[in-house]
Amino acid sequence: MSTLEIKDLHVSIETEQGEKEILKGVSLVINTNETHAIMGPNGSGKSTLASTIAGHPRYNVTSGSITLDGEDVLEMSVDERAKAGLFLAMQYPVEVPGVTMTNFLRTAKTAIDGEAPKLRTWTKDVKDAMGKLKIDADFAQRNVNEGFSGGEKKRVEILQLELFKPKFAVLDETDSGLDVDALKVVSEGVNRAQAENEMGTLLITHYTRILRYIKPDYVHVFVDGRVAEQGGPELADRLEEEGYDRYVNANA
């Protein structure tokens, strides 16, 4: 079992008005085979947490720690974090002109594992994973995310998740922009990855609809850069009925 631990994390960004604190003492412990859902209103710090775990340079950790099996994640470069087993499915996946999906996937897998996968096995794995995610085979020869719809980009994120086999996946609003059919396909991919790879999942979302397909073990409510409440799946059901007003008003 692996453990991702976030302890009293404070994170700020530079703005035109000066430094602004976004995360104000966040603590979480996530183990492999667990699914943690982070919910909260816009601007509560959910995506900041995801970007900080991944190593985005815009976010400045002023205090606190992130460790993976006791190793200091904050001392790792972005690629070192990926090699250590951290994966981020981005809220807005970027287009990479001039780089085909085939080249990107195999190059990334080689960098993560330290050796190139056997071509015949790898080709079969990619084809099988694309089929399960209902990604057209022609996409393998297209440039990464170039001209893809929002739903297609999200499926490609989960394709990477299934092929790269991380210890922990951070899914930053993977459900945004998905219709019901695409949401089911993406959720099934996440569930497969967790079951087959003993992966831990940190799922960031505004809405409970994805939690019908990806069942959380724990739910954390973010408000104003802090964890306002924690609980089990029943907390998500309550949020569906009540919304976030009582947390926001209490914090005002």
Side-chain angles (χ1 to χ4, degrees), residues 32-33 35 50 54 78-79 81-205 207 209-215:
T32 45
N33 293 319
T35 298
V78 173
D79 62 306
R81 297 181 197 206
K83 291 175 183 177
L86 298 177
F87 177 91
L88 172 65
M90 292 183 284
Q91 185 176 354
Y92 304 108
V94 297
E95 297 184 2
V96 188
V99 179
T100 66
M101 286 285 299
T102 297
N103 287 339
F104 164 71
L105 291 170
R106 192 159 192 263
T107 300
K109 181 66 171 176
T110 300
I112 291 168
D113 290 354
E115 60 180 3
K118 294 181 179 178
L119 189 56
R120 182 178 297 178
T121 304
W122 175 248
T123 301
K124 182 181 182 300
D125 289 345
V126 172
K127 183 178 179 180
D128 289 349
M130 289 180 70
K132 290 174 183 175
L133 289 164
K134 299 183 180 179
I135 300 172
D136 193 295
D138 292 343
F139 275 56
Q141 302 308 318
R142 292 176 60 178
N143 293 336
V144 177
N145 290 329
E146 194 170 38
F148 292 12
S149 69
E152 289 164 346
K153 289 179 179 179
K154 295 300 178 74
R155 293 187 197 206
V156 167
E157 293 284 285
I158 305 307
L159 174 66
Q160 297 168 47
L161 174 65
E162 290 206 63
L163 292 171
F164 298 162
K165 305 183 187 305
K167 293 179 181 177
F168 292 95
V170 180
L171 310 180
D172 189 6
E173 297 195 29
T174 297
D175 53 337
S176 65
L178 297 182
D179 60 28
V180 173
D181 291 335
L183 180 63
K184 288 180 180 178
V185 170
V186 163
S187 298
E188 287 168 359
V190 174
N191 288 333
R192 273 195 307 274
Q194 181 143 359
E196 295 173 3
N197 305 329
E198 297 187 346
M199 181 184 77
T201 302
L202 185 63
L203 174 63
I204 296 169
T205 183
Y207 309 107
R209 64 176 194 152
I210 194 171
L211 303 183
R212 299 169 194 162
Y213 307 106
I214 302 174
K215 302 295 185 182

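All of these numbers come straight from a predicted model, not from anything done at the bench.
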### Task
Check the angle between the aromatic planes of Phe148 and Phe139 and answer parallel, tilted or perpendicular using the 30° and 60° thresholds.
tilted
### Nearest heavy-atom neighbours spanning Glu152 and Gly147
OE1-O, 4.4 Å
### Task
Taking the side chain as every heavy atom from C-beta outward, state whether Val190 and Ile158 have any pair of such atoms under 4.5 Å apart.
yes
### Message
Looking at Arg81 and Leu86, would you say the former's side chain and the latter's main chain have a donor-acceptor pair under 3.5 Å?
### Response
no
### Query
Taking side chain as C-beta onward, heavy atoms only, is Tyr213 less than 4.5 Å from Val185?
no
### Task
State whether Glu162 and Arg192 are salt-bridged, where the test is any N-O pair (Lys NZ or Arg NE/NH1/NH2 against Asp/Glu carboxylate O) under 4.0 Å.
yes
#### Entry: Side-chain heavy atoms of Asp136 within contact of Arg142, under 4.5 Å
no
### Task
Please report the closest heavy-atom contact between Met90 and Glu157, naming both atoms and the distance.
N-OE1, 2.7 Å
### Task
Taking all non-hydrogen atoms of both residues into account, name the closest pair between Leu163 and Ala129 and its distance.
CD2-CB, 4.2 Å
### Query
With a 4.5 Å heavy-atom cut-off, do Pro166 and Leu161 have their side chains touching?
yes
### Query
Can you tell me how far CG of Leu202 sits from CG of Leu171, rounded to the nearest 0.5 angstrom?
8.0 Å
### Message
For a 4.5 angstrom cut-off between non-hydrogen side-chain atoms, does Met130 reach Leu159?
### Response
yes
### Task
Please confirm whether the backbone N or O of Leu183 pairs with a side-chain atom of Lys154, one donor and one acceptor, at under 3.5 Å?
no
### Message
Could you check whether any side-chain heavy atom of Asn143 comes within less than 4.5 Å of a side-chain heavy atom of Phe104, counting everything from C-beta outward?
### Response
no
### Query
Within a reach of under 6.0 Å around CD of Glu198, are more than 12 heavy atoms found that belong to other residues, nucleotides or ligands?
no
### Summary
For Met199 and Ala169, the nearest pair of non-hydrogen atoms, with its separation, is SD-CB, 3.7 Å
### Task
Answer whether the closest heavy-atom distance between the side chains of Asp175 and Val186 falls below 4.5 Å.
no
#### Entry: Residue pair Thr110 / Ala116: nearest heavy atoms and the distance that separates them
OG1-CA, 3.3 Å
### Query
Once you round to the nearest 0.5 Å, how far does NZ of Lys165 lie from NZ of Lys109?
6.0 Å
### Task
Can you see which heavy atom on Leu105 is nearest to which on Gln160, and at what distance?
CD2-CG, 3.8 Å
### Message
Can you confirm whether more than 12 heavy atoms, excluding those of Lys134, are under 6.0 Å from its NZ atom?
### Response
no
### Query
Okay, side chain of Thr35, backbone of Thr201: is any donor-acceptor separation there less than 3.5 Å?
no
